[in-house]
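Take a look at the structure below.
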Number of protein chains: 2
Amino acid sequence: MILHHSGRATAGRIGILATLLAEQKAITHREIEQRLPQSLQLDRVTLYRTLEWLVENGLIHKITSDDRVWRYHANHESHSHQHAHFKCTGCAQVICLDSLPTEQSWPLPTGYRFQEIELTVKGLCANCC
Amino acid sequence: MILHHSGRATAGRIGILATLLAEQKAITHREIEQRLPQSLQLDRVTLYRTLEWLVENGLIHKITSDDRVWRYHANHESHSHQHAHFKCTGCAQVICLDSLPTEQSWPLPTGYRFQEIELTVKGLCANCC
DNA sequence: ACAATGACGCAACATTGTTGCATTTGTATC
DNA sequence: GATACAAATGCAACAATGTTGCGTCATTGT
(Lines give C-alpha, C1' and ligand atoms only; values in the text may rest on other atoms or scores of the structure.)
Protein backbone atom coordinates (compact mmCIF):
# COMPACT_ATOMS: atom_id res chain seq x y z
CA MET A 1 0.00 0.00 0.00
CA ILE A 2 1.56 3.22 -1.11
CA LEU A 3 0.68 5.79 1.48
CA HIS A 4 3.74 7.95 1.09
CA HIS A 5 1.69 11.08 0.95
CA SER A 6 1.17 14.10 3.11
CA GLY A 7 -0.15 12.34 6.15
CA ARG A 8 -0.22 9.26 8.26
CA ALA A 9 -0.91 5.70 7.25
CA THR A 10 -3.62 5.02 9.78
CA ALA A 11 -5.70 1.89 10.02
CA GLY A 12 -8.75 3.80 8.86
CA ARG A 13 -7.16 5.07 5.70
CA ILE A 14 -5.71 1.73 4.80
CA GLY A 15 -8.96 -0.07 5.47
CA ILE A 16 -11.04 2.36 3.47
CA LEU A 17 -8.68 2.30 0.54
CA ALA A 18 -8.62 -1.49 0.62
CA THR A 19 -12.40 -1.53 0.63
CA LEU A 20 -12.51 0.70 -2.42
CA LEU A 21 -9.82 -1.28 -4.21
CA ALA A 22 -11.82 -4.45 -3.71
CA GLU A 23 -14.82 -2.93 -5.42
CA GLN A 24 -15.48 -2.89 -9.13
CA LYS A 25 -17.94 -0.05 -9.06
CA ALA A 26 -18.08 3.32 -7.36
CA ILE A 27 -19.80 3.14 -4.01
CA THR A 28 -21.32 5.62 -1.62
CA HIS A 29 -20.26 6.72 1.82
CA ARG A 30 -22.98 4.51 3.26
CA GLU A 31 -21.92 1.47 1.27
CA ILE A 32 -18.34 1.92 2.40
CA GLU A 33 -19.50 2.04 6.00
CA GLN A 34 -21.34 -1.24 5.55
CA ARG A 35 -18.40 -2.97 3.93
CA LEU A 36 -15.84 -2.03 6.55
CA PRO A 37 -14.83 -4.95 8.76
CA GLN A 38 -16.15 -5.01 12.30
CA SER A 39 -12.62 -4.52 13.54
CA LEU A 40 -12.69 -1.13 11.88
CA GLN A 41 -15.77 0.80 12.80
CA LEU A 42 -15.22 4.45 12.11
CA ASP A 43 -17.20 7.53 12.89
CA ARG A 44 -19.26 8.94 10.05
CA VAL A 45 -17.27 12.15 10.15
CA THR A 46 -13.95 10.35 10.11
CA LEU A 47 -15.05 8.47 7.04
CA TYR A 48 -15.96 11.69 5.28
CA ARG A 49 -12.66 13.26 6.20
CA THR A 50 -10.68 10.20 5.21
CA LEU A 51 -12.36 10.04 1.84
CA GLU A 52 -11.58 13.70 1.33
CA TRP A 53 -7.96 13.02 2.15
CA LEU A 54 -7.79 10.07 -0.23
CA VAL A 55 -9.23 12.23 -3.00
CA GLU A 56 -6.75 15.03 -2.32
CA ASN A 57 -3.88 12.58 -2.47
CA GLY A 58 -5.01 11.14 -5.76
CA LEU A 59 -5.68 7.64 -4.49
CA ILE A 60 -9.38 7.69 -5.22
CA HIS A 61 -11.79 9.91 -7.09
CA LYS A 62 -15.31 10.90 -6.34
CA ILE A 63 -18.21 11.04 -8.73
CA THR A 64 -21.16 13.35 -8.67
CA SER A 65 -24.57 11.99 -9.42
CA ASP A 66 -28.13 13.12 -9.84
CA ASP A 67 -29.16 11.64 -6.50
CA ARG A 68 -26.99 14.14 -4.62
CA VAL A 69 -24.75 11.40 -3.28
CA TRP A 70 -21.02 11.20 -3.79
CA ARG A 71 -19.66 7.90 -4.95
CA TYR A 72 -16.04 6.92 -4.52
CA HIS A 73 -13.79 4.69 -6.56
CA ALA A 74 -10.14 3.75 -6.29
CA ASN A 75 -7.89 5.13 -9.00
CA HIS A 76 -7.03 2.00 -10.91
CA GLU A 77 -4.36 2.38 -13.53
CA SER A 78 -6.61 0.85 -16.16
CA HIS A 79 -8.71 3.99 -16.15
CA SER A 80 -7.27 7.19 -17.45
CA HIS A 81 -7.30 10.18 -15.20
CA GLN A 82 -10.24 11.60 -17.05
CA HIS A 83 -12.97 9.15 -17.83
CA ALA A 84 -16.71 8.92 -18.18
CA HIS A 85 -19.10 7.15 -15.87
CA PHE A 86 -22.16 5.00 -16.32
CA LYS A 87 -25.09 5.06 -13.96
CA CYS A 88 -27.82 2.45 -14.01
CA THR A 89 -31.22 4.05 -13.71
CA GLY A 90 -32.53 0.83 -12.25
CA CYS A 91 -30.22 -0.07 -9.39
CA ALA A 92 -28.30 3.22 -9.19
CA GLN A 93 -24.93 1.50 -9.46
CA VAL A 94 -22.13 3.54 -10.96
CA ILE A 95 -19.18 2.18 -12.87
CA CYS A 96 -16.25 3.86 -14.59
CA LEU A 97 -15.96 3.73 -18.37
CA ASP A 98 -12.63 3.56 -20.09
CA SER A 99 -13.22 5.98 -22.87
CA LEU A 100 -12.14 9.53 -22.33
CA PRO A 101 -14.89 12.06 -22.82
CA THR A 102 -13.45 13.47 -26.04
CA GLU A 103 -11.13 16.41 -26.12
CA GLN A 104 -12.19 19.95 -25.38
CA SER A 105 -14.07 20.24 -28.61
CA TRP A 106 -16.99 21.78 -26.80
CA PRO A 107 -17.82 25.20 -28.16
CA LEU A 108 -17.87 27.50 -25.17
CA PRO A 109 -18.98 31.12 -25.41
CA THR A 110 -16.16 33.53 -26.12
CA GLY A 111 -14.19 34.50 -23.05
CA TYR A 112 -14.89 31.23 -21.32
CA ARG A 113 -12.06 28.97 -20.27
CA PHE A 114 -12.22 25.18 -20.35
CA GLN A 115 -11.06 23.22 -17.34
CA GLU A 116 -12.65 19.83 -17.09
CA ILE A 117 -15.34 17.65 -18.50
CA GLU A 118 -17.81 15.54 -16.60
CA LEU A 119 -19.78 12.91 -18.44
CA THR A 120 -22.28 10.39 -17.19
CA VAL A 121 -24.05 7.93 -19.43
CA LYS A 122 -27.33 6.68 -18.04
CA GLY A 123 -29.04 3.46 -18.90
CA LEU A 124 -29.67 -0.03 -17.62
CA CYS A 125 -26.99 -2.42 -16.48
CA ALA A 126 -26.95 -6.08 -17.46
CA ASN A 127 -28.83 -7.07 -14.33
CA CYS A 128 -31.57 -4.49 -14.72
CA CYS A 129 -32.16 -4.94 -18.45
CA MET B 1 -48.33 31.15 -22.01
CA ILE B 2 -49.06 27.64 -23.07
CA LEU B 3 -50.24 25.83 -20.00
CA HIS B 4 -52.54 23.38 -21.70
CA HIS B 5 -51.14 20.52 -19.76
CA SER B 6 -52.37 18.13 -17.14
CA GLY B 7 -53.13 20.69 -14.48
CA ARG B 8 -54.20 24.18 -13.63
CA ALA B 9 -52.73 27.44 -14.74
CA THR B 10 -52.21 28.94 -11.33
CA ALA B 11 -50.51 32.21 -10.55
CA GLY B 12 -47.62 30.34 -8.99
CA ARG B 13 -46.89 28.23 -12.03
CA ILE B 14 -47.15 31.15 -14.40
CA GLY B 15 -44.94 33.33 -12.23
CA ILE B 16 -42.28 30.69 -11.80
CA LEU B 17 -42.21 29.86 -15.48
CA ALA B 18 -41.97 33.55 -16.34
CA THR B 19 -39.10 33.91 -13.91
CA LEU B 20 -37.25 31.06 -15.55
CA LEU B 21 -37.98 32.33 -19.05
CA ALA B 22 -36.50 35.70 -18.14
CA GLU B 23 -33.25 34.08 -17.09
CA GLN B 24 -30.37 33.26 -19.38
CA LYS B 25 -28.79 30.72 -17.10
CA ALA B 26 -30.06 27.86 -15.00
CA ILE B 27 -30.89 28.95 -11.49
CA THR B 28 -31.46 27.23 -8.18
CA HIS B 29 -34.55 26.87 -6.07
CA ARG B 30 -33.22 29.60 -3.80
CA GLU B 31 -32.50 31.98 -6.65
CA ILE B 32 -35.99 31.50 -8.01
CA GLU B 33 -37.42 32.32 -4.60
CA GLN B 34 -35.46 35.54 -4.50
CA ARG B 35 -36.51 36.59 -7.98
CA LEU B 36 -40.22 36.07 -7.48
CA PRO B 37 -42.17 39.33 -7.19
CA GLN B 38 -43.40 40.32 -3.76
CA SER B 39 -46.93 39.83 -5.00
CA LEU B 40 -46.11 36.15 -5.39
CA GLN B 41 -44.52 34.76 -2.29
CA LEU B 42 -44.80 31.00 -2.32
CA ASP B 43 -44.07 28.37 0.23
CA ARG B 44 -40.80 26.52 -0.19
CA VAL B 45 -42.63 23.25 -0.67
CA THR B 46 -44.99 24.70 -3.24
CA LEU B 47 -42.03 25.93 -5.21
CA TYR B 48 -40.47 22.48 -5.16
CA ARG B 49 -43.71 20.88 -6.26
CA THR B 50 -44.34 23.45 -8.96
CA LEU B 51 -40.87 22.97 -10.38
CA GLU B 52 -41.43 19.24 -10.39
CA TRP B 53 -44.68 19.78 -12.28
CA LEU B 54 -43.05 22.07 -14.81
CA VAL B 55 -40.36 19.46 -15.43
CA GLU B 56 -42.90 16.68 -15.87
CA ASN B 57 -44.79 18.76 -18.38
CA GLY B 58 -41.71 19.52 -20.41
CA LEU B 59 -41.73 23.26 -19.85
CA ILE B 60 -38.44 23.37 -17.99
CA HIS B 61 -35.59 21.01 -17.30
CA LYS B 62 -33.45 20.52 -14.27
CA ILE B 63 -29.73 20.08 -14.14
CA THR B 64 -27.70 18.10 -11.69
CA SER B 65 -24.50 19.56 -10.35
CA ASP B 66 -21.62 18.66 -8.11
CA ASP B 67 -22.85 20.93 -5.34
CA ARG B 68 -25.92 18.77 -4.79
CA VAL B 69 -28.27 21.55 -5.85
CA TRP B 70 -30.74 21.30 -8.67
CA ARG B 71 -30.78 24.12 -11.16
CA TYR B 72 -33.73 24.84 -13.40
CA HIS B 73 -33.95 26.35 -16.83
CA ALA B 74 -36.84 27.01 -19.20
CA ASN B 75 -36.94 24.85 -22.31
CA HIS B 76 -36.12 27.38 -24.99
CA GLU B 77 -36.51 26.18 -28.53
CA SER B 78 -32.99 27.24 -29.37
CA HIS B 79 -31.64 24.38 -27.29
CA SER B 80 -32.22 20.87 -28.44
CA HIS B 81 -33.87 18.48 -26.08
CA GLN B 82 -30.55 16.91 -25.23
CA HIS B 83 -27.76 19.35 -24.62
CA ALA B 84 -24.65 19.80 -22.53
CA HIS B 85 -24.16 22.26 -19.70
CA PHE B 86 -21.37 24.50 -18.57
CA LYS B 87 -20.62 25.24 -14.95
CA CYS B 88 -18.28 27.99 -13.84
CA THR B 89 -16.01 26.80 -11.06
CA GLY B 90 -15.65 30.37 -9.91
CA CYS B 91 -19.18 31.70 -9.50
CA ALA B 92 -21.06 28.41 -9.82
CA GLN B 93 -23.31 29.69 -12.57
CA VAL B 94 -24.67 27.14 -14.98
CA ILE B 95 -25.59 27.76 -18.60
CA CYS B 96 -26.86 25.50 -21.34
CA LEU B 97 -24.66 24.72 -24.32
CA ASP B 98 -26.11 24.24 -27.75
CA SER B 99 -24.10 21.29 -28.90
CA LEU B 100 -25.53 17.88 -28.41
CA PRO B 101 -23.33 15.53 -26.46
CA THR B 102 -22.56 13.31 -29.44
CA GLU B 103 -24.54 10.23 -30.25
CA GLN B 104 -24.46 7.05 -28.22
CA SER B 105 -20.98 6.18 -29.35
CA TRP B 106 -20.02 5.35 -25.79
CA PRO B 107 -18.80 1.80 -25.48
CA LEU B 108 -20.87 0.26 -22.70
CA PRO B 109 -20.18 -3.20 -21.34
CA THR B 110 -22.09 -5.94 -23.11
CA GLY B 111 -25.63 -6.34 -21.90
CA TYR B 112 -25.93 -2.70 -20.93
CA ARG B 113 -28.56 -0.51 -22.50
CA PHE B 114 -28.06 3.16 -23.31
CA GLN B 115 -30.70 5.65 -22.29
CA GLU B 116 -29.36 9.12 -21.85
CA ILE B 117 -26.22 11.15 -21.66
CA GLU B 118 -25.36 13.84 -19.16
CA LEU B 119 -22.47 16.13 -19.85
CA THR B 120 -21.14 19.08 -17.91
CA VAL B 121 -18.16 21.09 -18.97
CA LYS B 122 -16.44 22.92 -16.14
CA GLY B 123 -14.31 25.98 -16.43
CA LEU B 124 -14.37 29.72 -15.88
CA CYS B 125 -16.95 32.07 -17.31
CA ALA B 126 -16.05 35.37 -18.90
CA ASN B 127 -16.50 37.23 -15.62
CA CYS B 128 -14.38 34.88 -13.57
CA CYS B 129 -11.51 34.51 -16.04
C1' DA C 1 -73.06 29.37 -8.90
C1' DC C 2 -71.43 24.74 -7.26
C1' DA C 3 -68.97 20.80 -6.44
C1' DA C 4 -64.95 18.11 -7.20
C1' DT C 5 -60.34 17.79 -7.60
C1' DG C 6 -56.01 19.68 -7.78
C1' DA C 7 -52.93 23.18 -5.63
C1' DC C 8 -51.27 25.28 -1.57
C1' DG C 9 -49.35 26.15 3.18
C1' DC C 10 -47.67 24.53 7.34
C1' DA C 11 -45.19 21.45 10.23
C1' DA C 12 -42.43 17.88 10.76
C1' DC C 13 -39.11 14.82 8.97
C1' DA C 14 -35.16 12.68 6.10
C1' DT C 15 -30.72 12.57 4.09
C1' DT C 16 -26.26 14.03 3.23
C1' DG C 17 -22.60 16.44 4.46
C1' DT C 18 -19.90 20.03 7.64
C1' DT C 19 -17.81 22.44 11.79
C1' DG C 20 -15.83 22.95 16.49
C1' DC C 21 -13.45 21.05 19.96
C1' DA C 22 -11.62 17.82 23.15
C1' DT C 23 -9.17 13.35 23.07
C1' DT C 24 -6.34 9.83 21.07
C1' DT C 25 -2.65 8.13 18.17
C1' DG C 26 1.29 7.94 14.53
C1' DT C 27 5.64 9.38 13.72
C1' DA C 28 10.01 11.77 14.12
C1' DT C 29 13.37 12.54 17.38
C1' DC C 30 16.01 11.61 21.15
C1' DG D 1 12.29 2.06 23.58
C1' DA D 2 10.45 6.67 25.57
C1' DT D 3 8.74 11.40 24.49
C1' DA D 4 6.58 15.26 22.36
C1' DC D 5 4.10 17.23 18.79
C1' DA D 6 1.13 17.42 15.15
C1' DA D 7 -2.19 14.97 12.82
C1' DA D 8 -6.23 12.01 13.04
C1' DT D 9 -10.36 10.65 15.43
C1' DG D 10 -14.91 10.78 17.92
C1' DC D 11 -18.72 13.21 19.55
C1' DA D 12 -22.18 16.64 19.37
C1' DA D 13 -24.29 19.98 17.17
C1' DC D 14 -25.34 22.26 13.02
C1' DA D 15 -26.44 23.31 8.00
C1' DA D 16 -28.45 22.81 3.49
C1' DT D 17 -31.50 20.70 0.49
C1' DG D 18 -35.26 18.29 -0.41
C1' DT D 19 -39.67 15.27 0.97
C1' DT D 20 -44.11 13.69 3.19
C1' DG D 21 -48.66 14.11 5.44
C1' DC D 22 -52.56 16.48 6.00
C1' DG D 23 -55.92 20.02 6.41
C1' DT D 24 -57.48 24.14 3.80
C1' DC D 25 -58.15 26.91 -0.30
C1' DA D 26 -59.14 27.85 -5.11
C1' DT D 27 -59.48 26.73 -10.20
C1' DT D 28 -62.16 24.70 -13.46
C1' DG D 29 -65.83 22.03 -15.74
C1' DT D 30 -70.59 21.74 -15.42
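Below, chain A is the first sequence line, B the second, and so on; all start at residue 1.
- Using bins of under 30°, 30° to 60° and over 60° for the plane-to-plane angle, the ring pair B:H73/B:H61 lands in the perpendicular bin.
- Look at B:E23 and B:R35 and you find a salt bridge, because one of the NZ, NE, NH1 or NH2 atoms lies within 4.0 Å of a carboxylate O, short of that distance.
- Residue A:T46 places none of its side-chain N or O atoms closer than 4.0 Å to OP1 or OP2 of D:dA8.
- The shortest distance between the side-chain N/O atoms of A:T10 and the OP1/OP2 oxygens of D:dT9 is below 4.0 Å.
- As a whole-Å value, the separation of A:R49 CZ from D:dA8 P is 11 Å.
- Remark: P of C:dG6 and CD of B:E56 are 13 Å apart, rounded to the nearest angstrom.
- Of the charged side-chain nitrogens involved, at least one lies within less than 4.0 Å of a carboxylate oxygen, so that B:K122 and A:E118 count as a salt-bridged pair.
- Counting heavy atoms from C-beta outward, B:H85 and B:L119 have side chains that stay 4.5 Å or more apart.
- Scanning atom types as modelled, one donor and one acceptor separated by under 3.5 angstrom connect the side chain of A:R44 and the base of C:dG17.
- Counting only heavy atoms from C-beta on, B:R8 has its side chain closest to D:dT28 among C:dC10, D:dT28, C:dT18.
- The B:R30 side chain lies nearest to D:dT17 when the options are D:dT17, C:dG26, D:dG18.
- Look at CG on A:D43: it is 17 Å from P on C:dA22, rounded to the nearest Å.
- Per the geometry, CD belonging to B:E31 stands 15 Å off P belonging to D:dA16, to the nearest Å.
- Checking D:dA8, D:dT9, C:dA7 against every side-chain atom of A:T50, the shortest atom distance belongs to D:dT9.
- Residue B:L47 is the one, among B:L47 and A:W70, whose nearest nucleotide of DNA chain C lies closer to the 5' end (criterion: closest heavy atom).
- As a whole-Å value, the separation of A:D67 CG from C:dA14 C1' is 15 Å.
- Rounded to an integer number of Å, the gap from CG of B:D66 to C1' of C:dG17 is 14 Å.
- B:L51 places its CG atom 11 Å from the P atom of C:dC8, with the value rounded to the nearest Å.
- A heavy-atom distance below 4.5 Å is not found between the side chains of A:Y72 and A:I63.
- Nucleic acid contact for A:V45: base, since at least one base atom lies under 4.0 Å from a heavy atom of the residue.
- Each of B:R68 and A:A11 was assigned the nucleotide of DNA chain D with the nearest heavy atom; the assignment lying further toward the 5' end belongs to A:A11.
- For the pair B:I14 CD1 and D:dT27 C1', the interatomic distance rounds to 11 Å; values are reported in whole Å.
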